[in-house]
Enquirer: 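The following block contains the structure, expressed as structure tokens.
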There are 2 protein chains.
Amino acid sequence: MSRRSGILEFAVLGLLREAPMHGYELRKRLNTSLGVFRAFSYGTLYPCLKTLVQQGWITEEEGGLTEDPRAAALTGRRAKIVYRLTAEGKEHFEELLAQTGPDAWEDEHFGVRFAFFGQTSRDVRMRVLEGRRSRLEERLDKMRASLARTRERLDDYTLELQRHGMESVEREVRWLNELIESERAGRDQREQRQSGDTGDLPRHRGGTRPDSSDDTT
Amino acid sequence: MSRRSGILEFAVLGLLREAPMHGYELRKRLNTSLGVFRAFSYGTLYPCLKTLVQQGWITEEEGGLTEDPRAAALTGRRAKIVYRLTAEGKEHFEELLAQTGPDAWEDEHFGVRFAFFGQTSRDVRMRVLEGRRSRLEERLDKMRASLARTRERLDDYTLELQRHGMESVEREVRWLNELIESERAGRDQREQRQSGDTGDLPRHRGGTRPDSSDDTT
DNA sequence: TTCGTCATGTAATGGGTTACATGATTAC
DNA sequence: GTAATCATGTAACCCATTACATGACGAA
């Protein structure tokens with residue numbers, strides 16, 4: 001019944017917000033554009049799409065030869081079933097985007113959240129980045145403590161593994177530091193007068209794309 | 001019925017080979033010593049222990065006040081149920097250690113395999129390290145290809161995410177390069193005359209630990 | 001005596017994959 | 001015409017978590 005993974009739902013909604021697509025294409029995008037972190041199979045995707053339809057967040061459209069130039073362009077071929085975000089779906093996605101619960105910076109969620117930072121308001125971006133950072137720092141503390149407790153009893157390979165693991169985390173912290181700094185720099189430049197986009201990274205604006213009737217797609 | 005995860009089974013066998021333990025302690029070790037990669041709950045561990053007993057690889061010992069100094073020392077308190085590796089279990093674990101199927105260098109398995117490199121023969125270590133490396137290089141190729149195909153259509157955050165992901169993989173490749181080199185250096189030094197331990201890393205022998213009753217601690 | 005941690009378990013549930021079944025379209 | 005890839009699904013299974021239930025022991 002349920003079949004809601006949170007992260008998959010989020011990603012699907014986010015991708016469909018950019019353009020309607022059919023399942024196959026959706027899955028590819030899921031596993032390449034965002035997929036460094038997560039790969040989903042059809043056995044997961046299709047049932048999920050079904051429940052999203054039931055919720056009223058997306059619609060299934062018979063796409064015989066849907067004269068949708070954009071979808072056609074994206075896939076290079078005609079579509080079978082095109083999924084399209086509804087107004088409710090868009091609204092729901094925006095709510096999800098605004099959420100900054102502690103989940104947002106856990107391993108599983110953070111990647112997807114970051115992937116849609118383009119549509120996320122600057123303050124939420126900041127909270128997620130900082131949340132992630134302190135999460136990782138906690139983890140580092142634990143690792144250091146456990147390492148101190150057990151250093152002598154561990155063989156060199158285990159030690160090396162642990163060292164490499166810690167360095168990976170430290171590296172991500174440095175990355176987050178840079179991102180946070182550049183977000184802050186962006187804010188300072190504009191003196192936070194605008195509602196909320198454009199940091200340092202979003203050179204082509206925070207939003208989806210040039211706007212207009214782009215999302216009629 | 002089944003309840004065999006492969007990686008959990010492997011890790012439990014490997015830990016019990018070093019010393020008998022009860023479930024609670026086992027779990028802690030699983031989640032700290034090796035646990036950078038994986039965390040298991042009791043709901044997973046205990047059923048797994050049951051099936052390992054059924055296979056005859058470990059035994060359950062009523063530990064009222066089992067006069068097992070090792071277990072007592074490890075926990076700092078008396079044990080309830082002490083699990084101990086059987087001869088068959090040891091043999092089985094050795095078979096697992098010798099395996100170099102393509103699974104060995106996948107994300108899920110590689111960490112645990114590496115953690116027990118201390119008991120792994122040098123040639124198997126080499127194959128696993130090299131397998132892992134070429135696995136990662138494949139992945140890099142895919143990432144680069146997909147990046148080249150889609151660069152323009154991606155916003156800066158997605159791009160940054162991808163870039164950071166790729167750098168993480170590249171970093172692991174460099175790490176593997178160093179490890180492989182130092183394994184090779186170890187071999188060259190000893191002119192591969194010995195059966196199979198001591199590379200560069202295993203300064204205190206490949207084996208478990210100094211032996212004797214050191215682990216009574 | 002109460003709190004933390006040690007200690008062992010189980011049932012319900014979740015979230016996902018694999019393998020299978022099916023067929024259209026494109027490139028060669 | 002045949003192989004690859006596009007395209008959509010389902011049923012069986014797997015692995016693991018969560019929440020719960022239970023209780024002993026040590027320290028404050």
Side-chain angles (χ1 to χ4, degrees), chain A residues 1-12 20-32 35 37-53 58 60-66 71-72 74-83 103 106-109 112, chain B residues 1-12 20-32 35 37-53 58 60-66 71-83 103 106-109 112 149:
Chain A
M1 290 296 124
S2 41
R3 258 346 161 183
R4 295 189 301 108
S5 123
I7 115 152
L8 180 55
E9 172 188 310
F10 184 85
V12 165
M21 259 175 272
H22 45 256
Y24 190 87
E25 171 75 1
L26 211 35
R27 193 217 173 204
K28 268 205 323 195
R29 302 262 259 136
L30 235 37
N31 294 218
T32 57
F37 298 92
R38 206 85 170 65
F40 291 98
S41 62
Y42 297 122
T44 316
L45 177 59
Y46 284 116
C48 169
L49 286 169
K50 287 260 164 76
T51 76
L52 291 182
V53 170
I58 65 176
E60 247 172 7
E61 283 167 30
E62 261 308 320
L65 279 168
T66 333
L74 276 171
T75 60
R77 67 200 316 136
R78 76 169 182 75
K80 287 274 186 69
I81 298 181
V82 176
Y83 294 94
D103 274 8
E106 288 307 312
D107 292 329
E108 327 83 51
H109 295 70
V112 206
Chain B
M1 289 299 122
S2 41
R3 254 349 159 182
R4 295 190 300 111
S5 123
I7 115 152
L8 181 54
E9 172 188 310
F10 184 86
V12 165
M21 260 175 271
H22 45 255
Y24 191 86
E25 169 75 2
L26 211 34
R27 194 218 173 201
K28 269 205 323 197
R29 303 262 257 136
L30 235 36
N31 295 222
T32 57
F37 298 90
R38 204 86 170 64
F40 291 98
S41 61
Y42 297 121
T44 315
L45 177 59
Y46 284 117
C48 170
L49 286 170
K50 286 261 164 76
T51 76
L52 291 182
V53 170
I58 65 175
E60 248 174 6
E61 283 168 29
E62 260 309 321
L65 278 168
T66 332
L74 275 171
T75 59
R77 67 199 317 135
R78 75 170 184 74
K80 286 276 184 66
I81 299 180
V82 177
Y83 294 94
D103 274 8
E106 288 306 313
D107 292 330
E108 328 83 49
H109 294 71
V112 205
R149 262 189 280 104

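Convention: sequence-line order gives letters A, B, ...; per-chain numbering from 1.
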Enquirer: Between A:L30 (CG) and C:dG16 (C1'), how many Å, whole number?
Expert: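 One finds 13 Å between C1' of C:dG16 and CG of A:L30, rounded.
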
Enquirer: From the options D:dT17, D:dG9, C:dT10, select the nucleotide whose nearest atom is closest to the side chain of A:Y83.
Expert: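 Per side-chain heavy atoms of A:Y83, the pick is D:dG9.
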
Enquirer: Whole Å only: how far is the CG atom of A:N31 from the C1' atom of D:dA7?
Expert: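 Value for this atom pair: 15 Å.
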
Enquirer: What's the CE-P distance between B:M21 and C:dC6, to the nearest Å?
Expert: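 Checked: the CE to P distance equals 15 Å.
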
Enquirer: Could you check if a side-chain atom of B:Y83 sits within less than 4.5 angstrom of a side-chain atom of B:V53, using non-hydrogen atoms only?
Expert: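 B:Y83 vs B:V53: side chains touch.
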
Enquirer: Which listed nucleotide (C:dA7, D:dT8, C:dC6) is nearest to the side chain of A:I81?
Expert: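 The answer is D:dT8, which lies nearest to the side chain.
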
Enquirer: What distance separates A:Y46 OH from A:F40 CZ, expressed to the nearest 0.5 Å?
Expert: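 The distance works out to 15.0 Å.
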
Enquirer: Consider the side chain of B:Y46, meaning its heavy atoms from C-beta on, and name the nucleotide among D:dT8, D:dT17, C:dT8 that approaches it most closely.
Expert: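 My answer, after comparing the listed nucleotides, is C:dT8.
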
Enquirer: Just how far is it from atom CG of B:L30 to atom CE of B:M21, taken to the nearest 0.5 Å?
Expert: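 Result: 9.5 Å between the selected atoms.
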
Enquirer: Could you check how far CZ of B:F40 sits from P of D:dT18, rounded to whole Å?
Expert: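 Nearest whole value for this atom pair: 13 Å.
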
Enquirer: Find the distance A:I7:CD1 to C:dG16:C1' and express it as a whole number of Å.
Expert: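 The answer, rounded to whole Å, is 12 Å.
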
Enquirer: Whole Å only: how far is the CG atom of B:L8 from the P atom of D:dC14?
Expert: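 Rounding to the nearest Å, CG of B:L8 and P of D:dC14 are 16 Å apart.
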
Enquirer: Name the closest nucleotide to the B:H22 side chain, picking from C:dA7, D:dG9, D:dA16.
Expert: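 When the side chain of B:H22 is considered, C:dA7 is the closest of C:dA7, D:dG9, D:dA16.
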
Enquirer: Would you say D:dT10 has OP1 or OP2 under 4.0 Å from some side-chain N or O of A:K50?
Expert: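 It does, given that an N or O in the side chain of A:K50 lies less than 4.0 Å from OP1 or OP2 of D:dT10.
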
Enquirer: In whole Å, what is the span from the CZ atom of A:R27 to the P atom of D:dA7?
Expert: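 Taking CZ of A:R27 and P of D:dA7, I get 13 Å after rounding.
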
Enquirer: So, is B:S41 near the phosphate of D:dT17, with a side-chain N or O under 4.0 Å from OP1 or OP2?
Expert: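 Yes, because at least one side-chain N or O of B:S41 sits under 4.0 Å from OP1 or OP2 of D:dT17.
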
Enquirer: Could you check whether any side-chain heavy atom of B:E61 comes within less than 4.5 Å of a side-chain heavy atom of B:I81, counting everything from C-beta outward?
Expert: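 Side chain of B:E61 against side chain of B:I81, heavy atoms only: no contact under 4.5 Å found.
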
Enquirer: Assuming nearest nucleotide by heavy-atom distance, tell me which of B:K28 and B:E60 is located more 5' along DNA chain C.
Expert: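 Of the two residues, B:K28 wins.
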
Enquirer: Are B:V12 and B:L45 side-chain neighbours, meaning at least one heavy-atom pair lies under 4.5 Å?
Expert: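 Touching, per the 4.5 Å side-chain cut-off.
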
Enquirer: Look at B:Y24 and C:dC6 and indicate whether a side-chain polar atom (N or O) is within less than 4.0 Å of OP1 or OP2.
Expert: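 Looking at the OP1 and OP2 atoms of C:dC6, one of them is under 4.0 Å from a side-chain N or O of B:Y24.
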
Enquirer: Heavy atoms from C-beta onward define the side chain here; which of D:dG9, C:dT10, C:dT8 lies closest to that of B:Y42?
Expert: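 So the nucleotide nearest the side chain must be C:dT8.
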
Enquirer: Can you tell me how far C1' of C:dT5 sits from CD of B:E25, to the nearest Å?
Expert: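 To the nearest whole Å, that distance equals 13 Å.
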
